[in-house]
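Chain A is the first sequence line, chain B the second, and so forth, proteins listed ahead of strands; every chain is numbered from 1. None of the values given here were measured: they were computed from a predicted structure.
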Amino acid sequence: EAGVVQSPRYKIIEKKQPVAFWCNPISGHNTLYWYLQNLGQGPELLIRYENEEAVDDSQLPKDRFSAERLKGVDSTLKIQPAELGDSAVYLCASSRDGVDEQFFGPGTRLTVL
Amino acid sequence: GQNIDQPTEMTATEGAIVQINCTYQTSGFNGLFWYQQHAGEAPTFLSYNVLDGLEEKGRFSSFLSRSKGYSYLLLKELQMKDSASYLCALYSGTYKYIFGTGTRLKVLA
């Protein structure tokens, strides 16, 4: 079984530039999560999808962050414009349903200069 | 709200037993997860406790006491490859997952 796929693995951009991350969850997993993880910290939930529906986006800074999961499979997370403080690892995870263990992708390490 | 506390760092010797504690303050939750995360890698699932008591999986065991507001992860026969961060996470239903800051475990030869 293929795992959660994320791309790119690394991204370096200048502040005020846009950036997008892509995630392909494990086949058949209805629930998809985007997390932000700073060094030495646990993952912090940004948004959670049940199929196409964003069921929890309360922690997503909506002035600059957006996400979509149009067909209930792949998802993209976008930041526009990026700020220095956005430098972190962005993790995508999926689960069969909301109560199951989560399977994490390798993450995208974003550096904003 | 939900606050989760874990020790920042622990050190143990190869072959030993180590207990990593997780305490929390919450009004209610469905279950508690433990994940392992090696440096630069994604977290991987270790265990999930719904009921009070001990769940054993090989060298790893996890314990939950709802009345006392804590959980622990027990690692036996430590190996060098167990050097990693261990994350405690609460699932409170209504789609809420909260992760602790993690405990960085160093296993020494």
Taking all heavy atoms of [X] and all of [Y], pick out the closest pair and write down the distance.
X	Y	value
A/Asp100	B/Phe33	O-CZ, 3.9 Å
A/Gln102	B/Phe45	O-CB, 4.5 Å
B/Pro43	A/Leu91	CD-CD1, 4.0 Å

ILVMFWY cluster, A/Val89 and A/Leu60 together (side-chain gap under 4.5 Å):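 Unlinked, A/Val89 and A/Leu60 end up in two clusters.
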
Just distance, no hydrogens or angles: give the donor-acceptor pairs under 3.5 Å from side chains in residues 6-14 of chain B, sequence neighbours left out.
unit_1, atom_1, unit_2, atom_2, d
B/Gln6, OE1, B/Cys88, N, 3.1
B/Gln6, OE1, B/Gly102, N, 3.2
B/Gln6, NE2, B/Tyr86, O, 2.8
B/Gln6, NE2, B/Thr103, OG1, 3.2
B/Glu9, OE1, B/Arg104, NE, 3.3
B/Glu9, OE1, B/Arg104, NH2, 2.6

Using a 6.0 Å cut-off, check whether atom [atom1] of [X] has over 12 heavy atoms from anything other than its own residue.
X	atom1	result
B/Lys68	NZ	no
A/Gln59	CD	no
A/Glu101	CD	yes

Do the non-hydrogen side-chain atoms of A/Phe104 and B/Gln37 ever get within less than 4.5 Å of each other?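 Heavy-atom side-chain distance check fails, nothing below 4.5 Å.
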
Check the pair B/Tyr97, A/Tyr35 against ring pair (Phe, Tyr, Trp, His ring centres under 6.0 Å), reporting the backbone distance first and the verdict last. CA-CA 10 Å; B/Tyr97 274 97; A/Tyr35 290 92; 7.4 Å; no

Test of understanding: with salt bridge (charged side-chain N to carboxylate O under 4.0 Å, His left out), list the residues that count as partners of B/Arg66, not counting sequence neighbours.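 Salt bridge (charged side-chain N to carboxylate O under 4.0 Å, His left out) check on B/Arg66 returns nothing, list empty.
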
Given heavy-atom pairs under 4.5 angstrom as the criterion, report whether the side chain, backbone, both or neither of A/Ser58 touches chain B.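 Side chain only.
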
Structural part of A/Pro43 lying under 4.5 Å from a heavy atom of chain B: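 Both parts, heavy atoms under 4.5 Å.
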
